Amino acid sequence: MLVRELSDLPPGRALDLGSGEGGDAVWLAKRGWRVTAADVSGVALRRAAELAERMGVADRIDWQQHDLGRSFPEGTYDLVTACYLHSTHDLPREEILRAAAAAVAPGGVLLVAGHAAGPSWEHNPHPDVHLPTPREVYESLDLAEGEWEVLKDAEFERPQTAPDGTLTTRKDNVLTLRRL
């Protein structure tokens, strides 16, 4: 999804929220971006740093450990991504996404991707986890009118492998905005 949505953007400074083991941050760094990658897990960040070293882009990524509900990376960025920032635990997702929007520089892009439905093999999805539509995400950002342009507001299916190894699909969504 990141490749499809961002391949045409010229590189600059990027913030990858919930970076996990670093796949998105490394992809961005390989395309010339300077990346700040934030995740709550120190283990994931160590693995991500090892991946970046193997891929030859370690000098382009600043790995930062943040519980995004309590601390947030400083600065403004040409691109801020928040991909699949869902949790079955207490996660102030809307507050985090508002902070993400505030970190986008004028002319920059905010990309929020998420699940639109649970996996096909899960017959009893987590009742406490709400999977918002792109419209709900947009409305929760509480953006100043006339300061943002919607580049994409879409739901799509993507391939996913079930725990038993069968190939299935999952519905996801994406909201991409440009700060004017």
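What's counted below: heavy atoms across the whole structure, side chains too, no hydrogens, waters or symmetry copies. Since this is a predicted model, take the numbers as computed values, not measurements.
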- Give the intermediate values and the outcome of ring-ring contact (aromatic ring centres under 6.0 Å, His included) for residues Y84 and H115. CA-CA 7 Å; Y84 306 101; H115 298 305; 4.7 Å; yes
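- Closest approach of A14 and W33 over heavy atoms only: CB-CE3, 3.7 Å.
- Just one of V35, V26, L45, D24 meets the side chain to side chain contact (heavy atoms under 4.5 Å, CB included) condition when paired with S19; it is L45.
- Atom CG in D172 sits 9.5 Å away from atom CD in E157 (nearest 0.5 Å).
- Between the side chains of D39 and S41, no donor N or O sits under 3.5 Å from an acceptor N or O.
- Remark: the backbone N or O of R13 is paired with a side-chain donor or acceptor of D78 at under 3.5 angstrom.
- Of the possible donor and acceptor atoms, none in the side chain of T166 sits under 3.5 Å from a partner among the backbone N and O of A162.
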- Task: Would you please test Q160 and R158 for side chain to side chain contact (heavy atoms under 4.5 Å, CB included) and show each step?
- Result: CA-CA 6 Å; Q160 187 172 33; R158 68 175 172 88; 4.0 Å; yes
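- Put simply, the side chain of R170 never gets that close to the backbone of T161: no donor and acceptor are under 3.5 Å apart.
- Two different hydrophobic clusters hold L17 and L28 under the rule that ILVMFWY side chains link at heavy-atom gaps under 4.5 Å.
- For the pair R34 and Y77, the cation does not sit on the ring face, since its NZ or CZ is not both under 6.0 Å from the ring centre and inside 45° of the axis.
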- Message: Could you go through E94 and L97, starting from their C-alpha distance and side-chain angles, then the distance that decides it, and tell me whether this counts as side chain to side chain contact (heavy atoms under 4.5 Å, CB included)?
- Response: CA-CA 5 Å; E94 291 178 354; L97 294 179; 5.9 Å; no
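- For the residue pair W63 and G22, the shortest heavy atom distance occurs at CH2-CA, 3.8 Å.
- Using a distance-only test at 3.5 Å, with no hydrogens or angles considered, no donor-acceptor pair links the side chain of R179 to the main chain of G108.
- Checking side-chain atoms of S71 against main-chain N and O of L68 turns up no donor-acceptor pair under 3.5 Å.
- Separation of atoms CD (E149) and CZ (R178) is listed at 6.5 Å; rounding is to 0.5 Å.
- When each of V109, V112, L143 is checked for a side chain to side chain contact (heavy atoms under 4.5 Å, CB included) with L177, only L143 meets the rule.
- V40 and I61 fall into different hydrophobic clusters, defined by Ile, Leu, Val, Met, Phe, Trp and Tyr side-chain heavy atoms under 4.5 Å apart, directly or through other members.
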- Task: Step by step, work out the side chain to side chain contact (heavy atoms under 4.5 Å, CB included) result for W148 and L180.
- Result: CA-CA 5 Å; W148 293 83; L180 302 175; 5.7 Å; no
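- Distance check, rounded to the nearest 0.5 Å: CG of L141 to CG of L175 gives 7.0 Å.
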- Message: The test is side chain to side chain contact (heavy atoms under 4.5 Å, CB included); show your working for L91 and I96 and say whether it passes.
- Response: CA-CA 9 Å; L91 178 75; I96 294 166; 3.7 Å; yes
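- One finds the OG1 atom of T36 at 6.0 Å from the CG atom of L15 (value rounded to the nearest 0.5 Å).
- F72 and L110 fall within a single hydrophobic cluster, where Ile, Leu, Val, Met, Phe, Trp and Tyr side chains are chained together by heavy-atom contacts under 4.5 Å.
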- Query: Given the rule in the salt bridge (Lys or Arg N to Asp or Glu O under 4.0 Å) test, do R98 and D142 qualify, once you have shown the distances and angles that lead to the verdict?
  - Reply: CA-CA 8 Å; R98 282 192 287 275; D142 197 27; over 6 Å; no
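- Summarising the geometry of Q65 relative to G42, their closest heavy-atom pair is NE2-N, 3.4 Å, with the distance given to 0.1 Å.
- Panel note: side chain R60, backbone G32; a donor-acceptor pair is recorded below 3.5 Å.
- No donor-acceptor distance shorter than 3.5 angstrom exists from the side chain of E95 to the backbone of P92, with no hydrogens or angles considered.
- Under the 4.5 Å side-chain heavy-atom criterion for Ile, Leu, Val, Met, Phe, Trp and Tyr, L85 and M1 are members of distinct hydrophobic clusters.
- Counting all heavy atoms, side chain and backbone alike, Q64 lies closest to P73 at OE1-CB, 3.7 Å.
- Under a hydrophobic clustering in which Ile, Leu, Val, Met, Phe, Trp and Tyr are joined whenever their side-chain heavy atoms come within less than 4.5 Å, directly or via other members, L131 and L111 fall into different clusters.
- Between the CG atom in L6 and the OG1 atom in T176 there is a gap of 7.0 Å [rounded to 0.5 Å].
- A pairwise comparison of heavy atoms in V150 and Y138 identifies CG2-CE1, 4.0 Å as the closest pair.
- Within the model, atoms NZ of K152 and CZ of R4 stand 5.5 Å from one another, a figure rounded to the nearest 0.5 Å.
- Nearest heavy atoms, P132 versus N173: O-ND2, 3.0 Å.
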